[in-house]
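Below is one structure, written out as structure tokens; the observations come after it.
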Amino acid sequence: MTREEARQVAISWIDENRDLIVSVSDRIWEYAELGLREFKSSKLLMDTLEKFGFSIERGVAGMPTAFVATYGSGKPVIGIMGEYDALPGLSQKAVPWREPLKEGAPGHGCGHNIHGASGMAAAIAVRIAMEDQGIEGTIKFFGCPAEETASGKVFMVRDGVFSGVDAVLSHHPGSLNAATLKSSLANNSVKFHFYGVASHAAASPEAGRSALDAVELMNIGVNYLREHVIQEARIHYIIEKGGEQPNIVPAYARSWYYIRAPEWQQVKELYNRVLNIAKGAAMMTETRMEVRYLEGIYNLLPNRVLAELVVKNMREIGPPEYTEKELEFAREIAKTIPPEQKREALRKSKRPDWEELLDVILDRSVPDPWGEGEIMYGSTDVGDVSWQAPTLEFSTATCVLGTPGHSWQFTAQCGSPLGHKSLIFASKVLAASVLALMT
């Protein structure tokens with residue numbers, strides 16, 4: 001047995017089963033289920049993995065749509081993660097203009113249909129190669145729900161689901177073929193509930209105590225706080241509930257905050273300052289305040305060894321070629337993205353020589369890992385996994401350069417042949433990288 005023979009077995013299986021892999025991705029794209037409600041999507045993945053010899057543990061960490069699929073025994077134990085939750089309001093047909101499948105319905109504006117399918121395909125391909133080549137060890141596919149809303153991996157880590165894993169890999173659709181060395185922001189997700197006293201807002205305002213006043217005063221206080229926090233911090237909120245109608249003093253109001261910083265200790269300190277502002281707002285308005293702490297996410301620990309391994313396999317396998325029809329689809333999508341938006345997206349990526357991509361629509365290059373010491377200004381529950389085992393989540397070019405995440409353009413491309421080719425490429429890279437770790 002050689003590593004190259006094992007890799008070729010896995011890649012051949014992916015090529016031979018391309019239709020199955022694409023079908024799974026497209027069906028999850030059509031289901032477009034929100035976090036913790038991905039019943040059809042998770043069942044499809046579990047059923048497919050079970051068909052190919054994986055044992056399935058369902059409903060892990062108290063979440064009905066979370067699961068672990070396992071094949072083999074003993075060391076090493078290598079994990080592959082897959083996500084499959086959609087986003088609200090991003091329903092979209094696989095066409096290069098705005099046209100929802102169903103107005104207001106969810107859609108895969110972050111490409112998690114491909115995320116789940118690429119991980120599933122790689123896990124099965126690795127299992128086939130292990131059996132064919134007599135490779136010892138354990139392959140685990142972690143079905144991770146609700147990345148967008150409830151950060152399912154946080155609770156899976158908390159309950160020990162990732163214990164004993166030697167390394168974990170994951171693929172996420174994007175606009176670059178990249179395995180970066182960037183970290184991410186740690187994050188607290190918190191809801192603030194304020195309870196006041198209802199009254200007629202015109203006839204007896206003196207009898208009322210406005211919960212909405214408390215929410216607004218809290219928001220004002222936090223906005224003044226922004227001048228006095230580290231520049232890498234991010235604080236954002238929405239008002240989820242602000243009352244019923246103007247002539248009633250609101251007896252109940254609620255805001256939802258995300259509080260982010262590069263490291264967990266910084267988030268904790270910032271959160272305590274926000275909490276004091278909320279308490280002050282309640283005192284000023286003579287309302288009662290309750291905090292519902294939803295979740296906390298750790299910052300991502302980068303891993304150069306895994307990044308270099310993935311980049312090596314990307315280059316050896318080679319990014320996909322595109323047909324003229326696919327390129328025309330990409331050009332039409334590109335027309336909907338303002339040039340300044342594309343420029344800023346590339347600038348923010350800090351990809352080496354990003355200026356050379358300003359006139360490129362689909363990026364087929366594979367740069368060296370970059371971003372050591374840099375921060376990706378978002379948060380991910382992959383961060384918690386990275387504190388349990390060496391972890392890497394890489395991207396492949398699914399979308400035209402400049403495509404914003406969480407957009408109808410992203411949804412459209414993830415259900416198109418562009419998405420299919422990225423899916424197959426990513427599946428091969430994942431499988432090859434996992435087999436390299438196992439051997």
Side-chain angles (χ1 to χ4, degrees), residues 33-38 42 59-68 79 81-88 106 109-110 112 115-116 142-163 168 170 172 183-194 215 218 222 229 232-241 254-278 289-301 375-389 391 393 405-406:
E33 299 170 294
L34 296 175
L36 299 180
R37 305 176 201 172
E38 317 99 319
S42 60
V60 300
M63 294 177 287
T65 55
F67 68 93
V68 180
M81 294 185 289
E83 300 166 5
Y84 32 86
D85 58 321
L87 286 157
C110 206
H112 291 178
H115 195 315
F142 296 96
C144 304
E147 188 271 339
E148 300 289 1
T149 51
S151 301
K153 298 181 198 69
V154 170
F155 301 97
M156 295 169 76
V157 168
R158 181 197 65 182
D159 286 9
V161 175
F162 286 91
S163 296
V168 185
S170 182
H172 199 295
S183 183
S184 61
L185 294 177
N187 181 23
N188 269 1
S189 175
V190 191
K191 293 190 178 184
F192 295 90
H193 302 252
F194 291 91
V215 164
M218 177 189 172
V222 170
V229 301
E232 298 88 357
R234 298 289 187 271
I235 311 172
H236 21 260
Y237 64 86
I238 61 169
I239 299 174
E240 283 197 309
K241 181 73 174 177
R254 178 176 73 249
S255 60
W256 184 4
Y257 271 75
Y258 280 4
I259 303 163
R260 312 189 202 233
E263 296 182 14
W264 168 248
Q265 186 62 34
Q266 294 169 316
V267 171
K268 183 178 178 182
E269 293 167 359
L270 188 54
Y271 168 62
N272 286 333
R273 296 175 73 183
V274 171
L275 191 59
N276 283 335
I277 290 170
M289 186 270 291
E290 291 181 359
V291 178
R292 183 187 175 202
Y293 184 94
L294 301 180
E295 61 183 357
I297 301 175
Y298 275 90
N299 49 298
L300 179 70
L301 297 178
I375 296 167
M376 171 190 69
Y377 283 96
S379 305
T380 172
D381 54 6
V382 176
D384 283 62
V385 179
S386 75
W387 287 76
Q388 298 294 303
T391 302
E393 184 167 274
H406 298 194

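None of the values given here were measured: they were computed from a predicted structure.
- Sparse packing is recorded around CZ of R37, with 12 or fewer heavy atoms of other residues, nucleotides or ligands lying under 6.0 Å away.
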#### Entry: side chain to side chain contact (heavy atoms under 4.5 Å, CB included) evaluation trace for Y237 with M218
CA-CA 11 Å; Y237 64 86; M218 177 189 172; over 6 Å; no

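- At least one side-chain heavy atom of N188 sits under 4.5 Å from a side-chain heavy atom of W264.
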### Task
Dump the intermediate steps for side chain to side chain contact (heavy atoms under 4.5 Å, CB included) on T391 and V382, then the final yes or no.
CA-CA 8 Å; T391 302; V382 176; 3.7 Å; yes

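- Closest of all the heavy-atom pairs between T380 and E147 is OG1-OE2, 4.0 Å.
- Distance alone, capped at 3.5 Å, places no donor-acceptor pair between the S183 side chain and the I375 backbone.
- Of all the heavy atoms in P64 and G62, the pair that sits closest is CD-O, 3.8 Å.
- When every heavy atom of A146 is checked against every heavy atom of E38, the shortest pair comes out as N-OE2, 2.8 Å.
- Between V385 and E393, every side-chain heavy-atom pair lies at or beyond the 4.5 Å cut-off.
- Counted within 6.0 Å of CZ on F162, heavy atoms from surrounding residues, nucleotides or ligands total more than 12; the atom is thus considered enclosed.
- From I259, atom CD1 reaches atom CD of E269 across 13.0 Å, with rounding to the nearest 0.5 Å.
- Taking OG from S255 and NZ from K241, the interatomic distance works out to 14.0 Å, rounded to the nearest 0.5 Å.
- For the pair D85 (side chain) and G35 (backbone), a donor-acceptor distance under 3.5 Å is absent.
- Interatomic distance, NE2 of H172 versus CE of M81, reported as 10.5 Å (0.5 Å rounding).
- The aromatic rings of F192 and Y257 sit perpendicular to each other, their planes meeting at more than 60°, with 30° as the lower class boundary.
- Considering all non-hydrogen atoms of both residues, V68 and F142 come closest at CG2-CD2, 3.8 Å.
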### Task
Mind running side chain to side chain contact (heavy atoms under 4.5 Å, CB included) on V157 and Y298 for me, showing each step along the way?
CA-CA 11 Å; V157 168; Y298 275 90; over 6 Å; no

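- Put simply, the side chain of I297 reaches to within 4.5 Å of the side chain of D384, judged on heavy atoms.
- For T65 (side chain) and S42 (main-chain N/O), no donor-acceptor pair under 3.5 Å exists by modelled atom type.
- Y271 pairs in a side chain to side chain contact (heavy atoms under 4.5 Å, CB included) with only one of the listed residues (N276, V291, I235), which is V291.
- Closest of all the heavy-atom pairs between C110 and E148 is CB-OE2, 3.2 Å.
- Ring pair H112/H115 is perpendicular by interplanar angle, where above 60° counts as perpendicular and below 30° as parallel.
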### Query
For S184 and R260, what are the C-alpha separation, side-chain angles and deciding distance, and is it a side chain to side chain contact (heavy atoms under 4.5 Å, CB included)?
CA-CA 10 Å; S184 61; R260 312 189 202 233; over 6 Å; no

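- Looking only at distances, no side-chain donor or acceptor of N299 sits under 3.5 Å from a matching main-chain atom of E263.
- Side-chain N or O atoms of Y84 include one that pairs as donor or acceptor with a backbone N or O of G143 at under 3.5 Å.
- Taken to the nearest 0.5 Å, the CE atom of M63 stands 9.5 Å off from the NZ atom of K153.
- Of all the heavy atoms in A389 and V168, the pair that sits closest is CB-CG2, 4.3 Å.
- Rounded to the nearest 0.5 angstrom, Y258 OH and L185 CG are separated by 13.0 Å.
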